[in-house]
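For reference, positions follow the sequence shown, starting with 1. What you see is a predicted model; the values in this text were computed from it and never measured.
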Amino acid sequence: GIYIIMMTCKLGTRRKKTNNQSFHFTQKVTLTYMEKQLSSNGYYDTGNMLYDNYNKNPVIILDYNILKNWMSQEAFELFKKYEQTGEFNYPAFAELSNIKMYPLPYKTIGVNFKLMPAFCLTSLYYPESGKKYEHVTAGISQFPFMNKAKHQILLHERLKPIREEYSND
């Protein structure tokens, strides 16, 4: 247990260097869905290579607790049931919220094929760099993240917080 905690703290302070630019792996981000916005810390996860099979967008992963202010308490309770059972009630959620959730298939190491609730964000914005991505898929984690104070969003490895310059050299 202590080893994992120490690794998490170390990960939060890592930097990535890209073409003489560096950034922290923990980034402030603003998510937009329709007219609603929320800001939180995201962790730039170079191991997150999940893509939405339906629209081919990169997928970020959200701790469901981050969405609490975007929906009614009844709708939010469906995420608590999802945490307990691994099953999400899409028809009931559609009745209670204007967020258009759909099942997103995924597979991780040691986990057979599963489905997670997902929806398409209007945008993901990095306020520090001004970098903005449109139409990003957000998958909802079945379990709350352990280190909520540091981050509630796992960012996709393709959604870099800085603009990269490519050269043919």
Taking atom [atom1] of [X] and atom [atom2] of [Y], what is their separation to the nearest 0.5 Å?
{"X": "L124", "Y": "Y133", "atom1": "CG", "atom2": "OH", "result": "8.5 Å"}
{"X": "T137", "Y": "D52", "atom1": "OG1", "atom2": "CG", "result": "3.5 Å"}
{"X": "Q73", "Y": "K68", "atom1": "CD", "atom2": "NZ", "result": "5.0 Å"}
{"X": "K28", "Y": "S39", "atom1": "NZ", "atom2": "OG", "result": "8.5 Å"}
{"X": "Q152", "Y": "L31", "atom1": "CD", "atom2": "CG", "result": "10.0 Å"}
{"X": "Y44", "Y": "Q27", "atom1": "OH", "atom2": "CD", "result": "10.0 Å"}

Tell me whether the count of non-hydrogen atoms from other residues, nucleotides or ligands lying under 6.0 Å of [atom1] in [X] goes above 12.
{"X": "K36", "atom1": "NZ", "value": "yes"}
{"X": "E87", "atom1": "CD", "value": "no"}
{"X": "E74", "atom1": "CD", "value": "no"}

Parallel, tilted or perpendicular: ring planes of F79 versus F76, cut at 30 and 60 degrees: tilted

Mutual orientation of the aromatic rings belonging to F93 and F88 [parallel < 30°, tilted 30-60°, perpendicular > 60°]: tilted

Just by distance, do the side chain of [X] and the backbone of [Y] share a donor-acceptor pair under 3.5 Å?
{"X": "Y126", "Y": "L159", "answer": "yes"}
{"X": "S72", "Y": "A75", "answer": "yes"}
{"X": "N48", "Y": "L50", "answer": "yes"}

T32 side chain to Q37 side chain, donor-acceptor N/O pair below 3.5 angstrom: yes

Exercise: do E83 and Y64 side chains pair donor with acceptor under 3.5 Å: yes

Audit row: M101, I140, side-chain contact (heavy atoms from CB on, under 4.5 Å) steps and yes/no: CA-CA 10 Å; M101 291 284 176; I140 312 301; 4.0 Å; yes

G42 to L155 - nearest heavy-atom pair and separation: C-CD1, 3.9 Å

Heavy-atom closest pair, residues N98 and Y33: O-OH, 3.3 Å

